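Since the structure comes first, as structure tokens, the remarks are kept for the end.
In this text, all values refer to a predicted model and were calculated from it rather than measured experimentally.
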Amino acid sequence: MIIDLNFIIFASIILLMVTGLYCLLVTKNLLRILIALEVMTKSVTLFLISSGYFSGNAVLTQALVITLIIIEVVVIVVACGIVIGVCVHNKNLDIKNMRKLKG
Amino acid sequence: MKEILILILLFGLVGSALLSVLIRNLLKAAITLAAASALLAAVMFLLGTWIAAVIELSVCAGMITVVFISAISLTKPLTDEEILIEARERRGRYIFLPFILIAVLALLIILKASNLMNFDFIESANSTSVPDFTTQTSVIWNNRALDILGQVIVLLSGVFGVVVLFKERTAK
Amino acid sequence: MQALFILVPLVLVVLLNLPFKQAYRKTAFYAAVFTAVFQMVLSLTSGFLLWKNITDLFSFNFIANLGVDFFSLVVLFTIGLISLISIAVCRSSYDKDKFNFFNLILIVMMGMNGVVLTRDIFSLYVFLEITAVTSFILIAMDKGIEAFEGAFKYLVLSALATIFILSAIAFTFNAVHSLSYTDISSYLKGLGGHFPPQIIAALVLFITGLSIKAGVVPFHGWLPDAYMSSPSAVSILLAGIVTKVAGVYTIMRFAGDIMNNITIVSNILMAFGALSIVIGALAAIGQKDFKRILAYSSISQIGYIILATGAGTPLAFAGALLHFFNHATFKSLLFVNSAAVEYSTGTRDIDKLGGLAGKMPVTGVTSIIGFLSTMGMPPMAGFWSKLIIIIAVWTSGNYTYSVIALLASILTLAYFLILQRKVFFGKLAEGLRNVKEAGALMSFSAILLALITVAAGLAFPFIIYYLQAHGLLKLVIS
């Protein structure tokens, strides 16, 4: 069996992205939206590293991925802060209750 | 040999990401997300980017999981009968996901086997030598110095976010 | 010189937060005002050798990655002006959280300056994220339930846009093996019109991501909620400059400069632009909240800028740039007026307001100036930029889009007449018997912006002549 590494990595990138996107569209829980965003970020991280590896320039993409991880941590922390704020007001994490802004 | 190892790790990565989406209990979902991060860090290590692998492991598999678990514990859980109703409804929504993934995988294999679309844009590995540590760090500090400045600014902004959003408040 | 735009606010933020007690907290306002004024001065006097000598003293590593041209200098000046207005409005508001606000506005200025100055596609992503994260915190600052909802919707859509932009960067890196604007531009020119599927995927993902950040229809779902539910000073900042720099400036830079008018991208942009103009104007007619009407009006005006960017000719690009500056001034003016109305009367519901022109004369007169500029009535500045956009789209051959842009002005007239009549004219509503004019700083900001609108409108032919004579705008019709 011929194992073609770039096809396998590309397939897993697409599968991760589809999983994250499906969960983002279907979920009703605020924190699960953040988990879906995390899964999609993993997919993009894998894409960046593998494209650097296959074109021979892994050190450059490694620098990009380090920056990406740091920025993503700050976004998740601020997002959790906002979700906790919503939950303090609404008393649950259901996305159907976020209907105050209409029109 | 390395390819087989990467294949197994990628299989685990996609599997644990799928589990973290499907599992109903948020705490267990956060832990499977941490497992996915750890497997991704292992894949990155095998591809030669050691610094990024260590940072992914310690930050994503560590710190983000801690942030998630603290957010989960600060928000109220549902009562017991609501959990049962929600579980049944949830199964109806998420049942399509594994089938969609298998369909996408089959589509990709068909595309590759019949040569309808060439995947040359991700070229095959032509060099397997990894540069040494000093080259790696010099690229990070010298070529991408503007990104390092950006990271500092983003961390400052995150500090203010924590101060503004997590301070003690009285319920309005 | 360019590094000063990012380093001056950074040094001030660090200095303001050193662990010495209360002495520094009062000076935050003056530090923020100093930074905004310094930015305006620096962008106007950028040719002087003094700035170059100052930054040469410190030879930083990353100066090679920053660059300015005339377009960037106009945007930098606008950033400084609108930040100054936002700081002034926050100073005259009543909340207790001002120290954090002044620090956050310094950070968001750094982020926007970075977006404008960078020459590298990944640094663009970094500074876009800085702007976005700081905007989430700013929107959620008063911690009411509406603010959290608006911030959450903005957050989810912005993170989705980030994922798209990163995927586009990864596809581009695969093909070009470099990240700088010049390399990507020469690669795209070298392709000559045959685009392999991964480049098409990269272009579509990139334009989609930037359109989500700009609030272009059909990705505008977050925009009315975020503008409406944020505190007044933050609404001025968001509507006046943050959405425009994060989305519209980047689309103009990419579609006009780097992608160099690829046909498929131009067609998509023109379609989105025309759609935004019409849907934004139609949706504004039925709204009941003052700020929500202004938010849908912003969507409509940004549609004009995107339409002109899609048209592709140099005259259209000049019109887009001029409308960028004009929209920043008149939309900020209208949001300052809504802040004044909200502070004086305590409500934003236009059904409960009425007859305020007698009680709040400064607000009434400046809001009339703002509305006339939005509708494109001479001699305000908005008339000139809309005229240039409509003529440019007509002469580039897209007659239907030009007619749509012209007819949408009638819709703009409709919703602004409704707004003016219900809020400022008519009978004085009950409970509003003892409202007073807004504070001195707010009136000063409104008057300043109104003066800029009128002066820019009166001086426009001279401005266009001056720019053309110096070769800074390449106009097709001379």
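Between atom CD1 of residue Ile69(A) and atom CE of residue Met63(B) there is a gap of 12.0 Å, rounded to the nearest 0.5 Å. Between atom CZ of residue Phe10(A) and atom CG of residue Leu108(B) there is a gap of 6.5 Å, rounded to the nearest 0.5 Å. Atom CG in Leu16(A) sits 9.5 Å away from atom CG in Leu18(B) (nearest 0.5 Å). A distance of 5.5 Å separates CG in Leu31(A) from CG in Leu26(B), rounded to the nearest 0.5 Å. Remark: Leu13(B) CG to Lys42(A) NZ distance equals 8.5 Å, nearest 0.5 Å.
Side-chain contact between Arg144(B) and Leu64(A) is present, with heavy atoms from C-beta onward closer than 4.5 Å. For the pair Thr49(B)/Tyr53(A), no side-chain contact is recorded, criterion being any heavy-atom separation below 4.5 Å from C-beta on. Side-chain contact between Lys28(A) and Arg93(B) is present, with heavy atoms from C-beta onward closer than 4.5 Å. The shortest side-chain heavy-atom distance between Thr27(A) and Tyr94(B) falls under the 4.5 Å cut-off. A 4.5 Å side-chain heavy-atom check between Leu155(B) and Val74(A) finds at least one atom pair inside the cut-off.
For chain A, no part of Ile153(B) is nearby; none of its heavy atoms comes within less than 4.5 Å. Heavy atoms of Phe11(B) lying under 4.5 Å from chain A are absent altogether. The part of Thr45(A) that comes within reach of chain B is its side chain, from C-beta onward, which places non-hydrogen atoms under 4.5 angstrom from that chain. Of the two parts of Leu40(B), only the side chain, counted from C-beta on, holds a non-hydrogen atom closer than 4.5 Å to a non-hydrogen atom of chain A. Contacts between Ile71(A) and chain B at a heavy-atom distance below 4.5 Å involve backbone atoms as well as side-chain atoms. At a 4.5 Å heavy-atom cutoff, the contact between Leu34(A) and chain B is made by backbone and side-chain atoms alike. Proximity to chain A is limited to the side chain of Val162(B), based on heavy atoms less than 4.5 angstrom apart.
Most heavy-atom pairs under 4.5 Å with chain B: of the set Val73(A), Ile82(A), Val83(A), this distinction falls to Val73(A). With respect to chain A, the highest number of heavy-atom pairs below 4.5 Å among Leu101(B), Asp147(B), Val67(B) belongs to Leu101(B). When each of Ala17(B), Gly158(B), Ala53(B), Ser37(B) is checked for heavy-atom pairs under 4.5 Å with chain A, Ser37(B) comes out on top. When the candidates Leu97(B), Ile100(B), Val154(B) are compared by the number of heavy-atom contacts under 4.5 Å with chain A, Leu97(B) comes out ahead. When each of Leu15(A), Ile14(A), Val78(A), Val18(A) is scored by its heavy-atom pairs under 4.5 Å with chain B, the top score falls to Leu15(A). In terms of heavy-atom pairs under 4.5 angstrom with chain B, the leader among Leu60(A), Leu30(A), Ile66(A) is Ile66(A). Of the listed residues (Val86(A), Thr61(A), Leu46(A)), the one with the most heavy-atom contacts under 4.5 Å to chain B is Leu46(A). Annotation: maximal heavy-atom pairing with chain B below 4.5 Å, among Ala36(A), Gly52(A), Ala79(A), Ser12(A), occurs at Ser12(A). Ranked by heavy-atom pairs shorter than 4.5 Å toward chain B, the options Val65(A), Val39(A), Ile49(A) are led by Ile49(A).
Exactly one residue among Val104(B), Val21(B), Leu22(B) makes a side chain to side chain contact (heavy atoms under 4.5 Å, CB included) with Thr19(A). That residue is Val21(B).
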Step by step, work out the side chain to side chain contact (heavy atoms under 4.5 Å, CB included) result for Ile109(B) and Phe7(A). CA-CA 9 Å; Ile109(B) 293 181; Phe7(A) 172 71; 4.1 Å; yes

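When every heavy atom of Ile23(B) is checked against every heavy atom of Arg32(A), the shortest pair comes out as O-NH2, 2.8 Å.
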